[in-house]
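Inspection log for the structure reproduced underneath, given as structure tokens.
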There are 2 protein chains.
Amino acid sequence: MFSALIIALLALFKLSSYAYFSGDTSIEIILSGIALVFFFVGLYINRKTIRPSADPSGPIDLKKVEQLGISKREYEVLVHISKGLSNKEIANTLFVSESTIKTHVSNLLLKLDAKRRTQAIQKAIDLQILSI
Amino acid sequence: MFSALIIALLALFKLSSYAYFSGDTSIEIILSGIALVFFFVGLYINRKTIRPSADPSGPIDLKKVEQLGISKREYEVLVHISKGLSNKEIANTLFVSESTIKTHVSNLLLKLDAKRRTQAIQKAIDLQILSI
DNA sequence: TGAGGGCTCATACTAAAGTACCAAAATCGG
DNA sequence: CCGATTTTGGTACTTTAGTATGAGCCCTCA
């Protein structure tokens, strides 16, 4: 892919030279064309290379959720915890009893190796299974 | 600043034309120079414009901490809360009693308008006074 | 020097959070 | 359809968290 880009640029280069020597294009036009093309090449290259470094807390790693043995419902509860909701509030929004949420939370704490829900939030962020 | 850049580029442009007409530089060299310069201009512009969008949860807004009336010690406690520590653990790391931490936490919850410490974490992140 | 703010700590309480254990539906892959 | 997992829910209990109130200490600034 990159080699194709380089070949295309070299072709453009040569074309520019010939276009000038054929006399039907002024030097300014050619220079402008080259400048424009390489300007956008610079933009593109930069965008490609800056993406990974500027996006460390990016997408949620759902594979890690599986690896930890966290079920769908448990993950749902985790998200609500991270939003600062109480067990009762989570129970109401998910239309289940508070006991159920307590069970889920207990299991979550075990699987995330956390003692408190605040610690669970931290660990989840570290594991990139939560985006704050 | 931007106008200066543009003027510089235009000057480079004219210079290139003259350099060619004076005959002591080949068209390829000039094209290469222009390409290189605009390539890096593209890099630079992109880096400048991409910064704000890729950095929304950036620096901590200490002014907002003041505006909320959060004291130094309280903020310190807030940071420890966000790391998932219990009141007792915070008390031990700061060498004070748990009562003191409870007081600080209570005041923090008032000032952040939160009902729980998890909610306080969320609000603090929203206010950009915590970087997770 | 006195008022105010911040930090400390205590008691006494209420409210959440979390643990342990059990058990019945519901879901899903083989 | 069966077994395993998930989801649900309960009781009973311990532990944190959080509130309310009062108070002493230190520093600063008018």
Q | B:H104 vs B:I90 side-chain heavy atoms within contact, under 4.5 Å | A | no
Q.
Listing request: all salt bridge (Lys or Arg N to Asp or Glu O under 4.0 Å) pairs with a residue in residues 81-108 of chain B, at least two apart in sequence or in separate chains.
A. A:R116-B:E89
Q) Sequence neighbours excluded, which residues qualify as salt bridge (Lys or Arg N to Asp or Glu O under 4.0 Å) partners of A:K64? A) A:D61
Q. Partners of A:T103 by side-chain hydrogen bond (donor to acceptor under 3.5 Å, both in side chains), sequence neighbours excluded?
A. none
Q: Write down the distance between CD1 (B:I70) and P (C:dG6), rounded to a whole number of angstrom.
A: 12 Å
Q. Sequence neighbours excluded, which residues qualify as side chain to side chain contact (heavy atoms under 4.5 Å, CB included) partners of A:L109?
A. A:V105, A:A114, A:A120
Q. How sharply is the helix from C:dT1-D:dA30 to C:dG30-D:dC1 bent, taking the axes over five pairs at either end and rounding to 10 degrees?
A. 60°
Q.
Without decimals, in angstroms, what is the distance between B:E66 CD and C:dG6 C1'?
A. 15 Å
Check nucleotides 24-30 of chain D against the protein and report each pair of N or O atoms closer than 3.5 Å, with its distance, or say if there are none.
none

Q: Provide the full list of salt bridge (Lys or Arg N to Asp or Glu O under 4.0 Å) pairs with a residue in residues 119-128 of chain A, sequence neighbours left out, each pair given once.
A: A:D113-A:K123
Q: Report the residues that fulfil side-chain hydrogen bond (donor to acceptor under 3.5 Å, both in side chains) with B:E76, sequence neighbours left out, ordered by chain and then residue number.
A: B:R73
Q: Output all residues satisfying side-chain hydrogen bond (donor to acceptor under 3.5 Å, both in side chains) with B:S97, sequence neighbours left out; order by chain, then residue number.
A: B:T100
Q | hydrophobic_cluster_shared for A:L62 and A:L112, side chain cutoff 4.5 Å | A | yes
Q | Contacts of A:K111 that satisfy side-chain hydrogen bond (donor to acceptor under 3.5 Å, both in side chains) - sequence neighbours left out | A | A:E74
Using the 3.5 Å cut-off, write out each protein N or O paired with an N or O of nucleotides 8-16 of chain C and the distance between them.
residue : atom : partner : partner atom : Å
C:dT8   : OP1  : B:R73   : NE           : 3.1
C:dT8   : OP1  : B:R73   : NH2          : 2.9
C:dT8   : OP2  : B:R73   : NE           : 3.1
C:dT8   : OP2  : B:H104  : NE2          : 2.9
C:dC9   : OP2  : B:S97   : N            : 2.7
C:dC9   : OP2  : B:T100  : OG1          : 3.0
C:dC9   : N4   : B:T103  : OG1          : 3.4

